[in-house]
Amino acid sequence: MRDTLRQDQDPYVTLITPKAPVSTPTHGGRAKCLQRLIRLELPVPRTVALSFETVHRIAAGELPDIDRILAQFPAGALLCVRPSSEDPDWGGPGSILNIGMNDATFVDLSDSIGHAAASSLYKRFVMAYAIHVARLDPDVFEEIEGVGQEGLSEALRCYEEEAEEPFPQDPAVQLAEVLRSMARAWEGTTARLLRQAKGAPVDAGLGLIVQEMALGLGSGERGSGVLQLVNSETGLPQVTGRYLSQSQGREALEGGPAALYLERDPRGPSLEELEPAAFEALKEYAAFMRKKLRAEMQIEFTIENGRVHILDGMRVKRSPRAALRIAVHLAEDGIISRQEAVMRVEPRGLSELLHRQVDPEAARDVIGRGVAASPGAATGKIVFSSSEAQASAARGENCILVRRETSPEDVRGMHAAVAVLTERGGMTSHAAVIGRGFGLPCVVGAARMGFRLHDKILITEDGRRLREGEMITVDGSSGQVLAGAPRMIEAALDDAFHVFMSWADAERDIGIRANADTPADATTARNFAAQGIGLCRTEHMFFEADRITPMREMIFADSPEDRKAALARLLPMQRADFIELFRIMEGMPVCIRLFDPPLHEFLPSDRAGLRDLAEALDLPVSDVTRRVESMGEYNPMLGMRGVRLGIAVPEIYDMQARAIFEATLEASQEGAAVVPEIMLPLVSAMREVELVRTRIDAVAAAVRNERGREFDYSLGVMVETPRACLRADEIAQHAHFLSFGTNDLTQMTYGLSRDDAGRFMSHYVQQGVFAEDPFHRLDPEGVGELIRMGVERGRRGNGGVMLSICGEHGGDPDSIAFCRSAGIDYVSCSPFRVPVARLAAAQLAIRDKIG
Ligand code: PEP
Ligand code: MG
C-alpha cells in the first residue's frame with residue numbers, strides 16, 4: 001500500500017487506523033464505530049473516512065484527490081462507499097458496492113472467482129450506478145432478465161443507450177461520481193426534511209466511508225449476512241439474522257427461502273451447520289463487541305471460504321421494551337453502570353411497555369387518524385352510546401365507544417369500553433384526560449372520519465361505512481384507527497422493568513404523585529410506585545347511578561335546608577370513597593380537590609333525561625326544563641365553578657369536608673394516621689381562600705367535638721388562574737401548599753379553550769405558530785413565566801409552602817424538566833404516566849450529576 005493518508009497531509013480524508021483522528025461529530029457514527037472495531041483487531045477491510053467537511057465540499061463541486069484515495073487500496077480492488085451520519089437514525093443515501101468494476105477487472109475476476117460470479121458483480125455495479133449515480137430510469141434496468149454474461153451485456157447496452165455514453169471504465173471517475181451523487185443526495189431538500197423530522201439539526205453533516213470489498217461471490221462457500229445476539233422486539237438473547245450464499249451487503253435479509261438461519265433451526269438449514277467455525281467466530285466477535293463497545297451490536301459480515309470479514313457494526317434496532325431489557329442486562333453483566341442503563345431508555349417510549357400494543361410487524365388497515373390521546377391499543381365492536389357500551393360489557397363483549405366528544409355522563413360508558421374514539425377534542429379534552437386516567441386507549445379529534453351517530457354509522461377516511469357491532473382497533477399510541485383486529489403484543493411489566501425503575505428512583509430528586517379519582521386509579525398509582533395522590537377530582541364520584549339523583553335534587557333545592565338534606569344522602573357515599581382511597585394509599589399523602597365543575601354538567605340535556613328527572617323530583621317536565629335552561633351559562637368554564645361554588649353554595653364543600661374528616665378518623669384507626677390534603681380549585685383571590693378556610697376549619701372543629709378525637713389536615717390552593725400566580729404571595733399565606741393546575745392555567749393564559757383547541761391546533765403547530773400543542777407540552781415562556789412568578793411569590797409569602805403541578809403536563813418529560821428547574825417539589829400525573837415521569841425525572845438528575 002502506498003502513501004498512507006495522514007491528518008497532516010489531508011485533514012479531510014483519513015485512512016482509519018487505531019490512532020487516526022476520527023470522531024463521530026466530524027466523521028459520523030459509522031466511521032467511528034469502524035475505528036473501534038479496528039482497534040479491537042477485528043477483521044475489518046481497509047477503510048478510508050471522508051469528513052463532513054469533505055462531503056460538504058464535494059456537494060459544492062470541490063472533489064478531494066481521488067487518486068490518493070484509490071492509492072490506499074490494492075490495485076484492482078473493488079470498493080464500496082457507505083454513508084456515516086452523526087446519528088444512524090437520520091438515514092442517508094444507500095451504499096454503493098463494487099466500485100472499480102470495469103472490463104479489465106471483469107477479465108481478472110473471471111479468472112479468480114469464475115465467470116458467472118464476475119458477470120454478476122459487474123452487472124450489479126452497472127445497475128446500481130445507473131440508477132443511483134447516473135440517475136437513469138430504474139424501470140429500464142429492472143426489466144433486464146438475462147443472467148451471466150448475457151445479463152451483463154444487456155445492462156451495459158441499456159446504460160449506453162440511456163446515458164448516451166459508454167459505461168465509465170476509470171475507477172477514479174466511478175468513485176468521484178459515486179461520492180458526488182451521495183454528497184448531493186444528502187443536501188437535497190427532501191432528505192433534509194426527512195432527517196429533521198427525526199430530530200437532526202438543519203446543518204447535520206454526512207461523512208462517507210470508502211471500504212475495500214470482501215466480495216461474497218465466487219467459487220467455494222462465499223456469501224454475506226447480518227447477525228445480532230438479541231431479539232430486536234423483546235431484547236431477549238437470541239441469535240438473529242440471515243446468511244445468503246453468493247450475496248453482498250444486506251441481501252440476505254431479503255433473500256427469501258434461499259437465505260439460511262444463523263443458528264440451528266427446525267425451520268430450515270443454518271449457517272451453524274454449513275460453516276460451524278465461521279458461525280462460532282461471528283458469535284464471539286459479536287459478544288466481544290458487546291463488551292467493548294458497551295452495546296448490543298448488529299454486524300454485517302462476509303464469509304469467503306471460511307474466512308470471516310466484519311464490514312460494519314451498528315447498535316441493534318430496538319423497540320422500547322427491548323431497549324429496557326438490553327440496558328438492564330448490560331448493567332447486570334457489569335458492562336455499563338446503572339446510571340448509564342437508566343439514560344439509555346427514552347422515557348416516552350416507556351409508555352409502550354405499560355399497555356398492549358399493535359404488533360409492529362402486523363398489517364395495518366388504517367381507516368382514520370386523530371390525536372394519540374391515551375396510549376395502548378384495543379380491539380372491540382363499535383358502539384355509539386354509553387348505555388350500549390355498558391350493555392356490551394354486560395354481555396362480555398369488548399366494545400369501542402365512539403362519540404362526537406365525551407362528557408362526564410359518559411364516564412360509566414368509558415369504564416365499560418376497551419377504548420374510546422371521538423370526533424372532537426385534543427390532549428386535555430374530557431375523553432383524553434379520563435382515558436389516560438383509566439389507562440384506556442383513546443384517539444380524539446378524528447375529524448376526517450364521518451361520525452353519523454344518529455344512523456349508527458362510522459365512515460372511514462376512505463369512505464367505507466362501518467355499522468354498530470363491526471370490529472375496529474383504536475391505537476392510542478399512534479393516533480390511528482384500524483379496521484378489524486390486528487395482532488397485539490402484551491404489556492411488559494416484568495422483572496427487568498421493576499429492576500430498571502428501582503435504579504431510576506435511586507437517582508430521582510423530584511417527587512412523583514398520581515392524579516387518581518377512583519380506587520382503581522389509586523391501585524394503579526400504587527402499582528407504579530407513585531408517592532401519593534396529587535389530585536383526586538371528586539366530581540367524578542357523583543356520576544354513579546345511585547348518586548346522580550340526590551346530586552340533582554341538591555342542585556334543584558330551593559333552600560339551604562333542602563340542599564343539606566340532599567347532601568346528607570351523599571355524605572356516607574362520599575365518606576366511603578375517601579375511606580377506600582386512604583386504605584389503598586396506606587398513609588401516603590392524598591390530595592383531595594373539592595368540587596370543581598359547573599353544576600349544570602350534572603343535569604340532563606335530552607328529552608328522556610329531563611322526563612326522568614321530572615319524575616324523580618315529582619315536578620312537571622316544563623318546570624324542570626326551564627330550570628335546567630336557566631342554569632346554562634354562556635361560558636361555563638369561566639362561570640360558576642370551583643371555589644366560586646364553594647362561596648355561593650357553601651353546603652357542598654361543607655359536606656365534602658365532613659366526609660374527608662370522618663373518613664380520616666375511620667382510616668386512621670386501622671393504621672398510620674391519615675393527614676388529608678384538601679385543595680380548592682380555580683382560586684383567583686386571597687379572600688376566597690379565607691372564606692372557605694373558615695368554614696372548613698369550623699367543620700373540622702365540629703367533627704373533632706362530635707368524635708372526641710384529634711386529626712390534622714392541610715389546606716392548599718390550585719393555582720390555575722393567571723391572577724392566582726400574580727397574587728401567589730398573599731394566597732400562600734393562607735395555604736399549606738399550592739398546586740399549579742396547568743390545564744386551566746394554559747387555557748386562561750392563551751385564552752384558548754381546552755375543549756375546542758383540537759380543531760385548529762394542527763394548523764397552528766404545522767405553521768409554526770406554536771412549537772407544540774401547549775396543552776401537551778408546557779409552554780415554558782408564557783405559562784412558564786407565570787409559574788415561575790407563582791413559585792417565587794408563593795415562597796416569598798410562605799417559606800414553608802409545598803409546590804407542585806397537577807395538570808396533564810405532569811407526565812411530559814420536557815414539562816418535568818421545566819418544573820424541576822422552577823423548583824417545584826413534586827409533579828402529579830395520570831397513573832399510567834407515572835413510570836414515564838419517574839424515568840424522565842431520574843434522567844434529569846443524572847444529567848446534572850454527570851454535568
Ligand atoms: C388543571 O386545570 O390543570 C387541573 C388539574 O384541573 P382540571 O383538569 O380538573 O381542570
Ligand atoms: Mg382545572
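FYI, side chains are in, hydrogens and waters are out, and symmetry mates aren't considered; it's all heavy atoms of this structure. Start at 1 and go down the list; that is how both ligands and their atoms are numbered. Throughout, residue positions are numbered sequentially from 1 according to the sequence presented.
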Item checked: Whether Arg793 side chain and Leu726 backbone form a donor-acceptor pair below 3.5 Å -> yes
Numbered in order shown, the ligand 1 atoms found under 4.0 Å of a heavy atom of Gly741 are 1 (C), 2 (O), 3 (O)
Q.
Using a 3.5 Å distance criterion without hydrogens, assess whether the side chain of Thr428 forms a donor-acceptor pair with backbone atoms of Asn743.
A. no
Of His430, Met679, Glu720, His809, the one whose closest heavy atom lies nearest atom 2 (O) of ligand 1 is Glu720
Is it possible for you to check whether Arg436 lies under 6.0 Å from the centre of the six-membered ring of Phe832, through NZ or CZ, and within 45° of that ring's axis? no
Tell me whether Arg513 forms a cation-pi arrangement with Tyr826, defined as NZ or CZ under 6.0 Å from the six-membered ring centre and within 45 degrees of its axis.
yes
task = Examine the side chains of Asn515 and Ser830 and answer whether a donor and an acceptor come within less than 3.5 Å of each other.
result = no
- Does the distance from a Lys or Arg side-chain N to an Asp or Glu carboxylate O, for Arg403 and Glu423, drop under 4.0 Å? no
One finds that the ligand 1 atoms under 4.0 Å from a non-hydrogen atom of Cys806 are 5 (C)
Counting from 1 in the order shown, the ligand 1 atoms closer than 4.0 Å to a non-hydrogen atom of Thr742 are 3 (O)
Which atom of Asp744 is nearest the Mg ion (ligand 2), counting N, O or S only? It is OD2
Closest to atom 1 (C) of ligand 1 (heavy atoms only, candidates Val719, Asn743, Ile805, Thr746) is Asn743
Within the stated cut-off of 2.8 Å, is an N/O/S atom of Asp596 closer than that to the Mg ion (ligand 2)?
no
Within 4.0 Å of some non-hydrogen atom of Leu535, the atoms of ligand 1 are 5 (C)
Checking distances from the Mg ion (ligand 2), one finds that the N, O or S atom of Glu720 closest to it is OE1
Practice task
Please state whether Arg754 comes within less than 4.0 angstrom of ligand 1, counting heavy atoms only.
Solution key: yes
- request: Verify, without hydrogens or angle tests, whether Glu688 (side chain) and Ser684 (backbone) share a donor-acceptor contact under 3.5 angstrom.
  value: yes
for atom 4 (C) of ligand 1, nearest protein heavy atom and its distance come out as Met718 CE, 3.5 Å
task = Return yes when Arg593 approaches ligand 1 closer than 4.0 angstrom through a heavy atom, no otherwise.
result = yes
**Asked** Given the rule in the salt bridge (Lys or Arg N to Asp or Glu O under 4.0 Å) test, do Arg424 and Asp755 qualify, once you have shown the distances and angles that lead to the verdict?
**Response** CA-CA 8 Å; Arg424 299 187 187 141; Asp755 298 307; over 6 Å; no
Does any N/O atom on Glu539 come nearer than 3.5 Å to any N/O atom on ligand 1? no
Check your understanding: Ion pair present between Glu539 and Arg593, side-chain N to carboxylate O less than 4.0 angstrom?
Key -> yes
Atom 9 (O) of ligand 1 sits nearest the protein heavy atom Arg537 NE, 2.7 Å
